[in-house]
2 protein chains.
Amino acid sequence: MATLKYSRQRESIKEYLSKTRSHPTADSVYLHVKEEFPNISLGTVYRNLNLLADIGEAVKIATPDGGDRFDGRTEPHYHVVCTSCGNVFDLELDPQYMEAVNQTANQYFDGTIDNHTSLFYGTCSECLKKNSSKDLK
Amino acid sequence: MATLKYSRQRESIKEYLSKTRSHPTADSVYLHVKEEFPNISLGTVYRNLNLLADIGEAVKIATPDGGDRFDGRTEPHYHVVCTSCGNVFDLELDPQYMEAVNQTANQYFDGTIDNHTSLFYGTCSECLKKNSSKDLK
DNA sequence: CTCAATGCAAAGTTTTTGCACGGTT
DNA sequence: AACCGTGCAAAAACTTTGCATTGAG
């Protein structure tokens with residue numbers, strides 16, 4: 001395989017991903033890193049995001065509407081996607097349940113289940129508020 | 001809200017979704033329904049797929065690579081996405097675990113968790129075979 | 001008759017890719 | 001020097017949408 005070389009752009013992307021909890025889209029990452037590297041291109045951001053996901057230093061989270069989201073948090077954890085606003089949240093699940101579920105899932109997937117990318121859909125509290133106020137009219 | 005009118009195209013889409021276990025993409029649905037309705041357009045397929053998802057008669061499953069997948073199975077169940085080939089599989093999870101996990105997730109999402117769309121990533125057995133033979137060379 | 005659904009094509013969004021150049025090793 | 005990474009722009013992949021027409025109620 002090709003040898004990985006250092007690049008300031010990739011470093012900046014990694015740093016941003018590791019610090020934010022917002023599970024940004026590729027475009028959000030682009031906008032942020034652009035502040036430090038005004039000439040960076042969206043293509044470079046995509047290439048690095050996919051590269052980081054490939055080597056396990058980031059997680060790509062697919063959402064049903066809008067683009068994919070990325071997460072730089074490396075400890076195993078689940079996610080919840082709000083189907084109303086599209087935002088992604090970390091889910092603090094009792095390790096005991098995560099273990100049990102992963103074990104069951106692995107009966108079918110032979111130990112390959114990636115518990116970073118397990119994912120639920122729901123409606124976040126902010127959207128619940130908005131929706132209930134809409135229901136009133 | 002607008003009143004729903006019958007259409008043979010939508011009926012055909014629904015029937016296909018309810019019979020297949022392949023979790024097809026919009027394009028696969030299009031190709032299939034095209035056999036019965038040669039003039040059907042991809043736009044119509046998308047419109048109906050989204051409509052069915054909105055009224056809860058189908059589930060839209062986002063995958064990190066390739067297009068979204070659709071499922072017509074209506075009983076609550078989880079899915080596993082193969083990150084190698086992109087295929088989606090049903091996951092028969094002990095209801096007791098599903099219940100426990102949903103309950104925990106719902107502490108954060110206030111009872112809105114949709115247990116049709118909860119989703120894991122892994123590598124399916126077919127891809128495991130292919131990958132291991134690649135590793136040998 | 002009314003309005004939802006369709007087919008078609010154009011446009012929108014998101015992501016990938018080819019290529020020449022610059023940066024890291 | 002070798003070759004990976006970048007910026008740019010074009011292209012690809014996927015999905016939505018406007019509009020005239022057809023079809024259900």
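What you see below is based on every heavy atom in this structure, not just the backbone, and it leaves out hydrogens, waters and symmetry mates. Just so it is clear: chains get the letters A, B, ... in the order the sequence lines come, proteins before strands, and each one is counted from 1.
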In residues 43-50 of chain A, what donor-acceptor pairs under 3.5 Å come from side-chain atoms, sequence neighbours left out?
unit_1 : atom_1 : unit_2 : atom_2 : d
A:T44  : OG1    : A:S41  : OG     : 3.2
A:N48  : OD1    : A:R10  : NE     : 2.8
A:N48  : ND2    : A:T44  : O      : 3.1
A:N50  : OD1    : A:K60  : NZ     : 3.1
A:N50  : ND2    : A:Y46  : O      : 3.4

If you look only at distance, which donor and acceptor atoms sit under 3.5 Å apart when one is on a side chain in residues 31-39 of chain A and the other is two or more places apart or in another chain?
unit_1 : atom_1 : unit_2 : atom_2 : d
A:K34  : NZ     : A:Y30  : OH     : 3.0
A:K34  : NZ     : A:P38  : O      : 3.4
A:E36  : OE1    : A:S12  : OG     : 3.0

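Place B:I40 and B:P64 on DNA chain C by their nearest nucleotides, and B:I40 ends up nearer the 5' end.
Applying the salt bridge (charged side-chain N to carboxylate O under 4.0 Å, His left out) test to every pair with at least one member in residues 71-80 of chain B, sequence neighbours left out, gives these pairs: B:R73-B:E75, B:R73-B:D90, B:R73-B:E92.
Judged as a side chain to side chain donor-acceptor pair (under 3.5 Å), and not counting sequence neighbours, the contacts of A:S22 are A:T20. For A:E126, there are no salt bridge (charged side-chain N to carboxylate O under 4.0 Å, His left out) partners two or more places apart in sequence or in a different chain. Under the side chain to side chain contact (heavy atoms under 4.5 Å, CB included) criterion, B:S125 pairs with no residue, sequence neighbours left out. Under the rule for a ring-ring contact (aromatic ring centres under 6.0 Å, His included), A:Y121 has no partner lying at least two apart in sequence or in another chain. Partners of A:F120 under the ring-ring contact (aromatic ring centres under 6.0 Å, His included) rule, at least two apart in sequence or in another chain, are A:Y78. For A:E15, the salt bridge (charged side-chain N to carboxylate O under 4.0 Å, His left out) partners at least two apart in sequence or on another chain are A:K19.
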Each nucleotide of nucleotides 18-25 of chain D classed B (base within 4.0 Å of a protein heavy atom), S (only sugar-phosphate) or -, in 5' to 3' order, makes B----BBS

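Atom CG of B:N50 is separated from atom P of D:dT15 by 9 Å (rounded to the nearest Å). For A:L52 and D:dG5, the CG to C1' distance is 13 Å, given to the nearest whole Å. Note: CG (A:D68) to P (D:dA13) measures 17 Å, nearest angstrom. Here the P atom of nucleotide D:dT17 and the CG atom of A:D65 are 11 Å apart, to the nearest Å. Atom CG of B:D27 and atom P of D:dT16 are 14 Å apart (whole Å). Here D:dT6 presents its C1' atom at 13 Å from CG of A:L51, a figure rounded to the nearest Å. Here the C1' atom of nucleotide D:dT15 and the CG atom of B:L42 are 8 Å apart, to the nearest Å. Going from atom OH of B:Y46 over to atom P of D:dA13 covers 13 Å, rounded to whole Å.
Taking the six-membered ring for Trp and thresholds of 30 and 60 degrees, A:F89 and B:F109 have ring planes more than 60 degrees apart, a perpendicular arrangement.
Contacts between chain B and DNA chain C, taken as any atom within less than 4.0 angstrom of a protein heavy atom, begin and end at C:dC3 to C:dC8.
B:G66 comes within 4.0 angstrom of the backbone, heavy atoms only, and of no base. If you check every strand for non-hydrogen atoms under 4.0 Å, B:N48 touches sugar and phosphate atoms only.
Across the helix from C:dC1-D:dG25 to C:dT25-D:dA1, the helix axis at one end is tilted relative to the axis at the other end by 40° (nearest 10 degrees, each axis from five pairs).
For B:T63 against A:A62, the heavy-atom pair with the smallest separation is C-CB, 3.4 Å.
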